[in-house]
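To keep things clear, I will list the structure first and then write my remarks on it.
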Amino acid sequence: MTNKFVHDFSGKTVVLTGAGGVLVSKFAEAFALAGANVALLDLNGEAAQARADEINALDIEGKAIAVVCNVLDVESIKAAKETVDAEFGGTDVLVNGAGGNNARATTDNEYHELDLPEETKTFFDLDQSGVEFVFNLNFLGTLLPTQIFAKDMIGREGANIINVSSMNAFTPLTKIPAYSGAKAAISNFTQWLAVHFAHVGIRANAIAPGFLVSNQNIDLMFEADHKTLKPRGEKIINGTPMGRFGEPEELLGGLLFLADDKAASFVNGVVLPIDGGFAAYAGV
Ligand code: NAD
C-alpha cells in the first residue's frame with residue numbers, strides 16, 4: 001500500500017476511440033507520457049495520424065499508432081483490434097472517446113412558445129435520422145468497441161474501461177435532447193459494465209467533462225470572433241461556480257486516476273464530473 005501515486009502505465013496498451021479529436025488526442029498523449037503504448041483510433045485517419053506523429057516526436061517511452069476505425073462498424077473495429085494486437089500485443093485500457101452531437105438533433109429554441117418565428121427549428125422539426133445518428137455514435141459507438149476489445153482484456157492485470165459522459169447526462173441541457181439522452185445512456189452503461197465485468201477483473205468508469213472549448217462547441221459558446229461569449233456561453237459561465245471554462249488538460253488527472261489500477265483498484269462504476277462545480281450548482 002502506498003499513498004505516493006505516480007501514474008506509471010509502462011508496458012500497458014491504451015486504445016482510444018475518437019483520438020483524432022481535441023480531447024481524446026490529449027488523453028492519448030497523457031497516457032503515452034505516463035509510459036503506455038497508445039493506439040489512436042478514429043474515423044478520420046489523417047487526424048489520428050497527425051496526433052500519433054506528434055506523440056512519437058516527444059522522445060518518450062510510450063509509442064503511438066494511428067488506426068482508422070469506425071466505431072459503428074463491427075468489421076472496422078475488429079480490424080483495428082487486429083492491428084493493435086499485432087503492434088502492441090493486446091489491450092489493457094479502452095477509452096471510448098468517440099462521440100458528439102449533431103445539428104439535426106438540436107432545436108433552435110430553449111423553450112417552446114406560442115409565438116415563435118416561422119423559421120424556428122423546434123422540437124417538432126427534429127429529424128429522426130439526426131437523433132439516430134447521435135444515439136448511435138455515442139451509445140452504440142461505446143458498446144460495440146467494448147464488445148470487441150473487452151473480451152481479450154479479461155485476465156489482463158489492471159484492465160479497465162473509461163467512457164466519456166457529459167454534464168448533460170446528469171441534467172439535460174436545453175436544445176440537445178438526443179445528445180443528453182445518449183450521454184445519460186453512457187453513464188448508465190458504465191454502471192452496467194462495472195457490474196457485469198466485476199467477477200472477471202475489468203473495472204469500468206467514466207469521466208463527465210464540464211464545459212471545455214472545443215471544435216464541437218466553440219460556435220455554440222462564442223461569436224464568430226471566438227472571443228465574445230454568446231448568451232449560451234454566458235449562461236454556462238454563470239452556471240459554473242468556478243466562473244470559467246475548463247481546459248482539456250484539466251481532465252487528465254481524473255482520467256489517469258481512474259485508469260490506474262494502483263490508484264483506483266476499488267473504484268468501479270463511477271461517473272466523475274470534472275466541471276468546476278457545474279453539476280453541483282442549482283443556480284441559486
Ligand atoms: P472532437 O469532435 O474534437 O473529436 C471527436 C472525434 O471522434 C473526431 O476526431 C471524429 O473524427 C471522431 N469520430 C466521429 N465519428 C466517429 C466514428 N463513427 N468512429 C470513430 N471516430 C469517430 O470532440 P471532443 O471535444 O474531443 O470530444 C471527445 C468526447 O468528449 C466526445 O465523446 C464528446 O461527446 C465528449 N465531451 C466533450 C465535451 C467538450 O466540451 N468538448 C464535453 C463533454 C463531453
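Counting convention: from 1, in listed order, for ligands and their atoms alike.
Listed by number with element, the atoms of ligand 1 under 4.0 Å from a non-hydrogen atom of G97 are 28 (C), 29 (C), 31 (C), 32 (O). Close approach of ligand 1 to P209 is summarised as follows: ligand atoms under 4.0 Å from at least one heavy atom of the residue are 42 (C), 43 (C), 44 (C). Using a 4.0 Å cut-off to heavy atoms of G99, the atoms of ligand 1 that qualify are 31 (C), 32 (O), 34 (O). Numbered from 1 in the order shown, with element, the atoms of ligand 1 that lie under 4.0 Å from a heavy atom of V22 read 3 (O), 26 (O). For ligand 1, the atoms sitting less than 4.0 Å from at least one non-hydrogen atom of N70 are 17 (C), 18 (N), 19 (N), numbered in the order shown with element in parentheses.
Within the 4.0 Å heavy-atom cutoff, M167 does not count among the residues contacting ligand 1. At least one heavy atom of C69 lies less than 4.0 angstrom from ligand 1. Under a 4.0 angstrom heavy-atom cut-off, G141 registers as lying outside contact with ligand 1. Distances from ligand 1 to the non-hydrogen atoms of G210 include at least one value under 4.0 Å. By the 4.0 Å heavy-atom criterion, T17 is excluded from the residues contacting ligand 1.
Residue contacts with ligand 1, taken as heavy atom pairs separated by less than 4.0 Å, do not involve N101 at all. Contact annotation for S165 and ligand 1: only backbone heavy atoms (N, CA, C, O) come within less than 4.0 Å of the ligand.
Side-chain atoms of Q49 and D53 include a donor-acceptor pair closer than 3.5 Å. At a cut-off of 3.5 Å, with distance as the only test, a side-chain donor of N96 or T146 sits close to an acceptor on the other residue. For the residue pair D108 / T120, no side-chain donor-acceptor distance below 3.5 Å is found, with atom types taken as modelled.
Within the 3.5 Å criterion, the main-chain N or O of A194 finds a donor-acceptor partner in the side chain of N268. Judged by distance alone, the side chain of N138 and the main-chain N or O of K183 form no donor-acceptor pair under 3.5 Å.
Checked against V84 for a side-chain contact (heavy atoms from CB on, under 4.5 Å), the options N37, V14, V15, V38 give a single hit: V15.
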